2 protein chains.
Amino acid sequence: MCIGDGAQARACTVRQVLDRIGGKWSIGIVVEASQGPVRFTELERRLDGISRRMLTLTLRNLERDGLLERTVYPTVPPKVEYTATPMAAELYETLVTLTNWAERHRDEIATARAEYDARESTVPAG
Amino acid sequence: MCIGDGAQARACTVRQVLDRIGGKWSIGIVVEASQGPVRFTELERRLDGISRRMLTLTLRNLERDGLLERTVYPTVPPKVEYTATPMAAELYETLVTLTNWAERHRDEIATARAEYDARESTVPAG
DNA sequence: CAGAATCCACTCGGATACTG
DNA sequence: CAGTATCCGAGTGGATTCTG
């Protein structure tokens, strides 16, 4: 997949990254786990609004892609810790450039939206 | 939204960007439109597998966010051109860092997946 | 040519209840 | 504590048909 080095090939590569971190909670989890080991319930508290189901699913996917490491302590009650791998930390570094872009153009986007919505709701009646 | 400057605030900002470009076809369209003006049917051909419906929807969203400019030539038959705005071009520049990350870790991710899948399919009956 | 409209399948994600 | 299992609604996206 993503053959050649044309424009669409690069677009394809970007898409693969987005498939990995595009989920609603992925980024938030990676960020938390980048600060150090976090436990399941701790994540549940810090990611406001996440359901148990989605937390589990997202954790599994991130673990599968090698972005998170899962450590089980065979104690009673059970204790499981999640830590971001170096690869994940590096990923978040590159996401910072995205944040910068978003902050630079925040107003521009808001304006564009407002103008678009105003245009669309106004039937150009003449 | 995205209040404060903590880790989750930055994660929130990233999410907003992803909401904008996370769609299945958004990146591909931005890439094509960055090379110069493109027409509707031209995009339909270049984005292999896209449906008319999704092309229209994605174009509208990108236009609404100010990433694409839509120019209508009142001719018969109609002619409409889409061009990436400077803001969109700048966005794609930052996405290149993502591509680099993906290429650096392509093998690492593949390996992680293979190992994970091998582990999961093997019941540790032990 | 550049769409708008309609129908449908599938996935994402939330709510809830149960368990080792 | 750290999940798993089940149900359900909403949104995403494909296929097809119709039109100025």
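To find a chain, count down the sequence lines: A is the first, B the second, and so on, and within it residues start at 1. Note that the structure is predicted; figures quoted are calculated from it, not measured.
Candidate nucleotides C:dA2, D:dG3, D:dA2 were compared by shortest atom distance to the side chain of A:R70, and D:dG3 ranks first. Candidate nucleotides D:dT4, D:dG13, C:dG3 were compared by shortest atom distance to the side chain of B:Y82, and C:dG3 ranks first. Nearest to the side chain of B:K79, among D:dG14, C:dA2, C:dG13, sits C:dA2.
Between A:R64 and B:E120 there is no salt bridge, since none of the side-chain N atoms of the basic residue sits less than 4.0 Å from a carboxylate O of the acidic one. Ionic pairing of A:D19 and A:R15 is present here: one or more N-O contacts between side-chain nitrogen and carboxylate oxygen are shorter than 4.0 angstrom.
If you take CD of A:E42 and P of D:dC1, they are 11 Å apart, rounded to a whole angstrom. Remark: P of D:dA5 and CZ of A:R52 are 15 Å apart, rounded to the nearest angstrom. The separation between B:M54 atom CE and D:dG13 atom P is 4 Å, rounded to whole Å. A:L59 has its CG atom 16 Å from the P atom of D:dC1, to the nearest Å. The distance from atom CH2 of A:W25 to atom P of C:dT11 is 22 Å, rounded to the nearest whole Å. Here C:dC12 presents its P atom at 17 Å from CG of A:L55, a figure rounded to the nearest Å. Rounded to an integer number of Å, the gap from B:I29 CD1 to C:dG3 P is 11 Å. Whole-Å rounding puts the B:L47 CG to C:dA2 P distance at 14 Å.
Both B:P78 and A:R60 sit near DNA chain D, but only A:R60 has its closest nucleotide nearer the 5' end. Each of B:P77 and A:L57 was matched to the nucleotide of DNA chain C holding its nearest heavy atom; the match closer to the 5' end belongs to B:P77.
When heavy atoms are screened at a 4.0 angstrom cut-off, A:R53 is found touching base atoms of the nucleic acid. Here A:T41 lies in heavy-atom contact (under 4.0 Å) with sugar-phosphate atoms only.
Enclosure of atom CD in B:E63 by more than 12 non-hydrogen atoms of other residues, nucleotides or ligands within 6.0 angstrom is indicated.
A side-chain donor-acceptor contact under 3.5 Å links A:Y73 and A:E81.
Hydrophobic clustering (side-chain heavy atoms under 4.5 Å, transitive across Ile, Leu, Val, Met, Phe, Trp, Tyr) keeps A:V72 apart from B:Y116.
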